[in-house]
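Input: a single structure, listed below in structure tokens.
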Amino acid sequence: MKRTHSCGVLNLESVGQEVTLIGWVSKRRNLGSLVFIDLRDRAGITQITFDEAHADLVKEVRNEYVLQVTGKVVAKDVPNPKLKTGAIEVLVSSVNIINSAETTPFIIAEETDALEDTRLKYRYLDLRRENIKNNLMLRHKVTMCVRNYLSSLDFIEIETPILCKSTPEGARDYLVPSRIFQGKFYALPQSPQIYKQLCMIGGLEKYFQIAKCFRDEDLRADRQPEFTQIDMEMSFVEEEDVWNTVEGLMKQIFSEIKGIELNNFPRLTYTECMARFGSDKPDTRFEMELNLISDVFANTEFEVFKNILAANGEINAIVVKGKADAFSRKDIDKLTDFVKIYGAKALSYLKYNQNEITGSIAKVMSDSEKNTIINKLDLKENDLVFIVADKKKVSQTSLGALRVKLGKDLNLIDSDKFNFLWVTNFPMFEYVEEENRFVAAHHPFTSPNLEDMDKLFENQENCFSRAYDLVLNGYELLSGSIRIHDQAVQAKVFEAIGMSLEEAKEKFGFFLEAFKYGTPPHGGVGIGLDRIIMILTGTENIRDVVAFPKTASAADLMSEAPNLVDEKQLKELKIKIEH
RNA sequence: GGUCCGGUGGUGUAGCGGUUAACAUGCCUCCCUGUCACGGAGGAGAUCGCGGGUUCGAUUCCCGUCCGGACCGCCA
């Protein structure tokens with residue numbers, strides 16, 4: 001179809017040209033014998049004008065009709081500064097009404113008032129809106145940037161299977177029944193982990209993939225059941241090589257997309273990260289770090305704290321500077337409810353005013369304890385201290401969550417900042433209370449720290465791994481590790497995580513077999529593409545950066561997936577549904 | 001699996017034990033030659049998510065259920 005320009009490009013330089021535009025009617029302003037239409041396509045909006053001689057041509061035209069118009073570009077007497085093309089308009093001489101449209105369920109505008117479920121039901125209309133469309137266009141730019149950058153470093157993009165073998169560890173699999181092997185199932189990949197390692201064994205050296213991944217777990221604002229990873233794996237590398245490659249990629253993305261030149265990324269061990277921020281994905285755009293103050297209460301008479309310390313618990317504190325008078329008893333009660341979500345039994349607080357400590361636990365503290373805490377936390381006039389005494393993990397994570405909440409509530413976060421942080425040395429195991437034992441914290445191919453090999457069995461609590469995360473503004477952007485490439489180490493790790501060799505063979509036999517034939521040392525990462533786009537576009541909702549997202553219950557409101565299937569389909573698969 | 005919030009014309013909200021169910025916007029008709037959130041006049045449009053209960057009477061209160069959202073658990 002004839003189309004000389006998009007609706008986003010015309011300006012004063014185009015004045016006098018005859019142009020043909022195609023687009024949707026975004027807004028119609030009918031002044032009787034003079035009609036203005038905002039014509040919209042992917043690139044933007046141009047005002048097209050119908051004078052007395054042509055107004056009748058569009059008498060029937062309504063919003064979202066598809067028009068092809070030809071006319072002359074003229075300068076406007078009064079430009080519209082809100083439009084990129086606001087200096088000009090197109091004086092239409094002929095119009096072709098390509099298609100009509102029914103009244104849409106919601107108004108297609110940047111600031112729509114429709115709620116998200118309505119928008120999701122008519123997602124194809126939602127995609128016409130500026131912000132969703134722009135998010136997807138930015139997403140495209142990022143993936144192109146990734147492909148170009150990694151290609152330039154000799155990575156090759158390789159597609160790995162979507163129909164895989166189910167491995168029940170880790171996230172719940174989405175299962176696909178096999179018709180040919182009745183009663184058997186494929187699983188959709190939670191990540192291409194095993195395949196990319198096999199690519200390394202296959203001698204491909206540097207692999208990447210923009211990979212769809214699937215996890216049948218409950219959703220969150222930043223979690224979809226199917227999502228996209230920039231998946232990478234490299235041979236003959238150590239941590240530094242992987243980190244440098246990823247940093248280079250991130251710097252390239254931010255330079256190209258945002259025009260921001262990033263500094264080198266700081267690093268923190270997991271243990272230090274938890275102690276300082278109460279989180280393994282801290283938002284480092286503001287301070288208010290945790291302080292371990294167990295020793296202040298080493299000789300406390302306060303039974304609650306005494307018992308917690310006796311049971312190997314911890315007492316941590318955060319200081320809200322100069323805000324003691326801003327928090328009423330009622331406010332603090334609300335924050336107490338908040339930390340309880342994370343398992344904390346209570347939230348203690350202290351206020352420092354005119355050299356005096358008051359607050360919930362002031363009366364159970366001795367003068368010397370009060371003085372110690374003033375010095376240790378460097379308290380100044382009107383400071384507010386929040387304290388959680390509990391099991392170490394609860395004390396840290398509940399205060400960590402409170403820290404983030406206060407950071408947001410008190411507006412301490414500079415939204416123009418992009419704070420990357422490598423978190424390294426993740427624990428090899430984590431303690432599961434219900435089972436009263438340590439279990440693998442990562443997939444079983446993660447290499448333990450070399451100096452911790454002797455702790456695999458004896459001292460699991462202090463056995464750390466070569467796993468790392470990259471954190472950006474409080475989001476976990478990626479996880480990765482240096483993998484095990486040595487069969488003997490692999491056997492030890494299986495044993496350590498309580499997986500018998502038979503079990504390991506049953507689950508990963510083909511993989512272990514491959515390890516026999518000259519496995520190169522290798523490592524890599526899986527980068528959450530959706531989350532990068534979220535941060536780059538400034539949204540906190542992952543659905544805003546996915547073309548056709550699922551709801552919190554993993555349903556598609558538009559197509560109504562998942563749905564019932566024909567009895568015939570089930571019969572072929574020999575599947576019976578219990579009612 | 002759990003906690004919390006929400007569901008009222010097409011859309012977004014207000015409301016309340018008895019209302020003519022309100023407002024904005026959209027839609028329809030008419031008027032209008034410089035609008036750009038056009039303006040003006042008029043009009044249509046809602047069994048208040050669904051089921052049950054309490055009550056003389058329920059959109060309103062209670063229980064259940066479905067749907068949407070946030071969070072905890074979960075996400076090796």
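Every chain is numbered from 1 and lettered A, B, ... according to where its sequence line falls, protein lines coming before strand lines. Quick caveat, the model's predicted, so the values are computed rather than measured.
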Original post:
Between the base of G12(B) and the side chain of Glu111(A), is there a donor-acceptor distance below 3.5 Å?
Top reply: no

Original post:
Has the side chain of Lys82(A) got a donor or acceptor atom sitting under 3.5 Å from an opposite partner on the base of C36(B)?
Top reply: no

From the list [options], which nucleotide is the closest neighbour of the side chain of [X]?
X	options	value
Asp117(A)	G68(B), U33(B), C71(B)	G68(B)
Asn80(A)	G69(B), C38(B), C36(B)	C36(B)
His442(A)	A76(B), C71(B), A37(B)	A76(B)
Arg223(A)	C75(B), C67(B), U35(B)	C75(B)
Arg29(A)	C72(B), C36(B), C32(B)	C36(B)
Phe106(A)	A76(B), U11(B), C38(B)	U11(B)
Leu557(A)	U29(B), G68(B), G12(B)	G68(B)
Asp218(A)	G73(B), C28(B), C75(B)	G73(B)
Glu430(A)	A76(B), C36(B), A37(B)	A76(B)

Distance check, [atom1] atoms only: [N] and [M], in whole angstrom units.
N	M	atom1	result
A22(B)	G15(B)	P	15 Å
G10(B)	C56(B)	P	34 Å
G2(B)	G18(B)	C1'	39 Å
U8(B)	A14(B)	P	10 Å
U59(B)	U54(B)	C1'	16 Å
C75(B)	U11(B)	C1'	36 Å
A21(B)	A46(B)	P	12 Å
C48(B)	C61(B)	C1'	15 Å

**OP:** Going by the side-chain hydrogen bond (donor to acceptor under 3.5 Å, both in side chains) test, name the single residue among Glu233(A), His522(A), Gln490(A) that passes it with Arg483(A).
**Re:** Glu233(A)

**OP:** Using a strict cut-off of less than 4.0 Å between a Lys/Arg side-chain nitrogen and an Asp/Glu carboxylate oxygen, indicate whether Lys27(A) and Asp38(A) qualify as a salt bridge.
**Re:** no

Original post:
With stacking defined as ring centroids separated by under 5.5 Å and planes differing by under 30°, is Phe36(A) stacked against U35(B)?
Top reply: yes

Original post:
Across the strands shown, which category fits Thr446(A) at heavy-atom distances under 4.0 angstrom: base, sugar-phosphate, nothing?
Top reply: nothing

**OP:** Select base, sugar-phosphate, or nothing to describe what Arg215(A) touches, counting heavy atoms under 4.0 Å on all strands.
**Re:** sugar-phosphate

Subject >> Heavy-atom pair with the smallest gap, counting every atom of Gln229(A) and Pro192(A) >> reply: NE2-CD, 4.4 Å

**OP:** Would you please classify the geometry between the Phe515(A) ring and the Phe511(A) ring as parallel, tilted or perpendicular, with 30° and 60° separating the classes?
**Re:** perpendicular

**OP:** Calculate the interatomic distance between Lys340(A) atom NZ and C71(B) atom C1'; express it in whole Å.
**Re:** 17 Å

